[in-house]
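Quick caveat, the model's predicted, so the values are computed rather than measured. Just so it is clear: chains get the letters A, B, ... in the order the sequence lines come, proteins before strands, and each one is counted from 1. Every heavy atom of this structure was used, including side-chain atoms; hydrogens, water molecules and symmetry mates were not.
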Amino acid sequence: MQYWLFKSEPDEYSIDSLKAEKNSIGRWDGIRNYQARNLIRDDIKVGDGVLFYHSSCKTVGIAGFASVVSEPYPDPLQFDPESKYFDIKATQDKPRWVSIDIKYESHAKSFLPLTTIKATPALDDMVLVKRSRLSIQPVSKDQWAFIVNATKTDLQR
DNA sequence: GCCAACGTTGGC
DNA sequence: GCCAACGTTGGC
């Protein structure tokens with residue numbers, strides 16, 4: 001089992017959006033970065049764990065947990081001229097971009113802000129800290145375990 | 001809204 | 001294949 005971090009802008013698609021989907025399963029689409037695509041296509045497997053990260057918003061950080069529930073398949077948006085993710089160079093025979101489905105697992109009982117991640121020595125090797133722009137990135141087993149532990153009690157109360 | 005850090009494009 | 005110009009991401 002492997003672990004990953006997926007970034008999403010909560011104004012577009014938040015962990016609550018995922019939870020609200022039918023069976024709490026949503027399609028992760030609109031990936032238009034080759035590195036991220038290659039991870040989805042080649043490395044990410046059914047059953048892998050996903051950290052759901054909220055980016056470009058008031059408080060950025062890890063909002064909850066999900067899991068991978070499908071094999072990769074062609075992203076339908078690349079064929080849709082109405083979509084902002086339409087790609088004129090993609091064809092049904094030779095699709096360029098892939099999606100996978102993920103399933104909501106849980107909210108972090110305490111939201112883990114990026115500022116805390118950066119201030120935590122156990123987490124400062126995260127790709128998030130080092131190469132912040134990658135929208136899908138690997139997370140180590142130790143990082144995952146640390147984050148599961150760090151978010152399981154609500155420190156706000 | 002600014003801007004740094006990338007990633008992509010396209011001329012040569 | 002280089003690299004300048006341009007576009008995008010994403011924190012602040």
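- Residue contacts for Glu9(A): at a heavy-atom cut-off of 4.0 Å it reaches no nucleic acid atom on any strand shown.
- Looking at heavy-atom distances under 4.0 Å, Ser56(A) makes contact with a base.
- Classified by interplanar angle (parallel below 30°, tilted 30° to 60°, perpendicular above 60°), the ring pair His54(A)/Phe111(A) is tilted.
- With a cutoff of under 4.0 Å to any heavy atom of chain A, the contacted region of DNA chain B is bounded 5' to 3' by dA5(B) to dT8(B).
- No side-chain donor from either of Asp80(A) and Tyr85(A) sits under 3.5 Å from a side-chain acceptor of the other.
- A salt bridge is defined here as a Lys NZ or Arg NE, NH1 or NH2 lying under 4.0 Å from an Asp or Glu carboxylate O, and Asp87(A) with Arg32(A) fails to meet this definition.
- One finds the NZ atom of Lys19(A) at 11.0 Å from the NZ atom of Lys103(A) (value rounded to the nearest 0.5 Å).
- Using modelled atom types, one finds a donor on one side chain and an acceptor on the other under 3.5 Å when comparing Arg96(A) with Tyr34(A).
- Lys130(A) comes within 4.0 angstrom of no nucleic acid atom, judged by non-hydrogen atoms across all strands.
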